[in-house]
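Ligands are counted one by one from 1 in listed order, and the atoms in each one are counted from 1 as well. Not measured: the values here are computed from a predicted model.
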Amino acid sequence: MKFSMLRSGLLCLTFLWSLGSGASISKRAEIADQKMNFDDKFRQLEELLPTPNDYRTASGAPGYRYWQQQVDYKMDLRLDVKNQRISGEEIITYKNNSPDSLYYLWLHLESRSRDQSAGRVLTQTGLDEPKVSYRTLRNILESNAFDLDYRIESVTDMDGKAIPHTINDTMMRVDLPRPLRPTRSLSFKVKWSFNIHDQKAMGGRFGYEFFKEKNNYIYQMSVFYPRLAAYSDAGGWHNKQFLGGGEFTLEFGDYEVNITVPADHVVAATGTLENPSSVLSSNQRQRLSQAKTSSKPMYIITPEEAKANEAKGASGDSKTWRFKADKVRDFAFASSPKFIWDAQGLKSGGQDVMAMSYYPEEATPLWETYSTHAIVHTIEQYNQYTFDYPYPTAISVNGPVGGMEYPMITFNGPRPEIDKKTGERSYSRRTKYGLISVIIHEIGHNYFPMIVNSDERQWTWMDEGVNTFVQFLAEQSWEENYPSRRGEARNIIDYMASEKQVPIMTNSESLWQFGNNAYGKPATALNILRETILGRELFDFAFREYARRWKFKRPMPADFFRTMEDASGVDLDWFWRGWFYSTDHVDISLEEIHHFTINTQNKEVERSFDKDQYQAEPESITKQRNRSLNRRVERYPELSDFYNRYDRFTVTGKDRKAFDKLVKGLEPEEKALLQSKKHFYQFEFANKGGLVMPIILQLKFSNGSEELLRIPAEIWRRHSQAVSKVVLSDHELVSATVDPFWETADVDTYNNHFPRKPYESRLQVYKREKSRNLMKEMAEDQKAEAKTSDAAEESTAKETH
Ligand SMILES: [Zn+2]
């Protein structure tokens, strides 16, 4: 754009609207001799990401030599409900698919983290302020008094010969008698036991809940058995200690698990039940087969049957439930005499799936309405964005754990409130949607990370963030205006502007504001990527490709970043840099607007234009006050001459001739240009938050027309702090708004408007609290005392009469 052709100077005053420091055109000249500050927001990520290789390609897909280990488990578990203890004996079969010989194996003993000597306990920091909730205080006291009594009773080979092993906090190294060569397998046995804690008092991802009135329990058991740490091309042994935050990094394998529990218990677990005829009644088995094709959830154990079972109490007998699960990375179960059980079958591609819910009577009315529906809904929705749910069951269990996921089984907490006096039940809006959301979230975890098997201990966002994003999509298709907590850009603004932040790409254990950092921000970033940066079509294709490529495999962050670019054909390095590697926020400010129209070069037109401008200027205060002044020239008219008759805007023949000459020298298309009536608006934007984003600009013009301009983020590539953009129009601009639909998480929308809008808020009027009046309080106490002693005297007097 050549500004020499344009009118400038005076004319700008009509529309120039400046808030000071922006790099305006005139200031650029002054700073021309200084080195500019080049902050490359579009610098490629290659130098940060690991070098691609035969295991992981530069396109973000598994390479042609991709491998992962396989670990199978056969376990016999025993739940000792008298002593609140769980014990197990497991046979672990480790298949070494790596190209490396292994001399030892690392196992996770995460349940050991409740031991008083554990790093998790020792590294817990103090209170932020000198106050504590009853719940936290109870947790501190009970955790401190808890005796875990964790025992690895033996590690042996299949002949019972001891294998040397070393416990290192929540890890155990098993030293192999012989190196395990590539392609070889090895089986060994581990025997273990420990005490189960009261989850309601001490929290955590598993434990029991005690129901005082009925003297019975719900057990939600997970993370209990020693299990293999992952060994991968990207991380070697993933043997980071469990400090309580970073969840699990595990291998896929096949599980056969026998769980021995009291005979009145009902067990829900990862996998399919292998011995229904020995643990279920024929009635229950018949209902289960009916539920396969039912269009609605139906009871396998009705509320009445659960009530009767609960009332009957334990006989002292036990039963063994046998489960089998293939291609899972973990195993969990729940057990209780309290369970009501409902189920509904569905098709997921070629897979028959049973969606099932287990809950105590205390969870009604709520669970029978929503739980199984929410499971089915999750699978239907997630299948659209990823791949078909491949497992035969999907389970939601109500118990003490607020929300936690394992393959095929999830633990979900929300329950109605029971009025202690009347026994009446009700639930809040928050509880209702909290339940639906937590079930969508936890069942959704089957996709991320139970199948797309990311390293949770290192990168919380890869499962929580990605899953929370799909959860948002699923919630929005549950009902209109579903109150999703996370996903919408506008919901992340307070966090983005907050002080205590670390980048998303931070180790799980070091995160600040865990929920916002690892759930909210990545979920929102992905939603912005989908709606604003890529559009739904490109995004959905790329996201599905990521899920498809890494289904039953172990992706790392680079694989996600690279796949999203590879499959969308869009360079997103700036996006990953801004949203995942920095704590910058979005704040794009519309600083100035310059208005230009074409200078015709015709003095007839231009001088009259200048005159209009001059006359439009406000009259000076001195002139205003001098209006009635008796001036000399008025008193002596002979003093008035030529210059009093012609002002500086007068056009002469010389001017006209010069213009005629100019016009003669112009080509016809150049003449036409001089006659253009276009308005040139130059918008000056400042990037105040640091995060570069597309500029979405809504313009309204004097004729009532509107225009929406979507300028890609690349406009910031040369100047990341300030950029300008020219817009042409036949009409005058009335208003301009940046990010009119609040889609970029711009933290300050005040500076998004031309003309500026006032900050709207309501002024809160309050009364000052009176200071303590000790004299008055004491006087009241004395009055009250006198009253009670009078009454006492009176009643004694009556008695004696
Ligand atoms: Zn989660």
Side-chain angles (χ1 to χ4, degrees), residues 110 199 203-207 220 222-223 242-250 270 328-332 334 371 374-375 377-379 381-382 385-386 389 391 394-414 433-476 478 484-487 491-492 495 504 506-509 511-527 543 547 550 554-555 557 560:
E110 283 113 340
Q199 201 281 346
R205 293 169 177 82
F206 68 88
Q220 286 179 323
S222 61
V223 200
F242 179 60
L243 295 177
E247 287 179 339
F248 314 117
T249 311
L250 301 163
T270 301
V328 288
R329 49 163 257 174
D330 201 358
F331 182 91
S371 179
I375 301 171
H377 179 73
T378 306
I379 293 173
Q381 290 298 311
Y382 274 62
Y385 299 105
T386 58
Y389 183 83
Y391 292 133
I395 297 168
S396 164
V397 183
N398 180 250
V401 178
M404 190 58 207
E405 72 280 9
Y406 303 96
M408 301 186 228
I409 188 168
T410 64
F411 301 159
N412 303 300
Y433 291 103
L435 175 67
I436 299 166
S437 285
V438 77
I439 293 175
I440 294 174
H441 181 92
E442 307 307 347
I443 293 289
H445 268 311
N446 272 289
Y447 298 78
F448 310 96
M450 296 302 152
I451 294 169
V452 177
N453 183 18
S454 60
D455 180 347
E456 291 182 85
R457 184 139 309 159
Q458 183 66 39
W459 307 115
T460 302
W461 69 269
M462 285 194 78
D463 62 297
E464 298 299 356
V466 171
N467 179 42
T468 302
F469 162 67
V470 192
Q471 176 197 344
F472 171 67
L473 301 180
E475 284 172 353
Q476 291 305 308
W478 177 275
S484 292
R485 276 175 69 205
R486 293 169 169 142
N491 296 347
I492 200 72
Y495 169 70
I504 291 175
T506 301
N507 174 269
S508 180
E509 294 293 351
L511 297 182
W512 280 85
Q513 303 198 57
F514 202 85
N516 283 323
N517 177 294
Y519 295 61
K521 185 176 170 184
T524 312
L526 293 183
N527 194 43
F543 187 76
W550 292 98
R554 188 190 312 285
F560 177 71

Angle between ring planes, His441 versus Tyr519, binned at 30° and 60°: parallel, tilted or perpendicular?
parallel

Could you name all protein N, O or S atoms found under 2.8 Å from the Zn ion (ligand 1)?
His441 NE2, His445 NE2, Glu464 OE1, Glu464 OE2

Arg486/Glu464 ion pair, N-O < 4.0 Å:
no

Under 30°, 30 to 60°, or over 60°: which ring-plane class applies to Tyr389 and Tyr447, parallel, tilted or perpendicular?
tilted

Below 4.0 angstrom, N of the basic side chain to O of the carboxylate: do Glu110 and Arg205 qualify?
no

Restricting to salt bridge (charged side-chain N to carboxylate O under 4.0 Å, His left out), what partner residues turn up for Asp330, sequence neighbours left out?
Arg227

Looking only at side chains, do Ser222 and Tyr406 share a donor and an acceptor under 3.5 Å apart?
yes

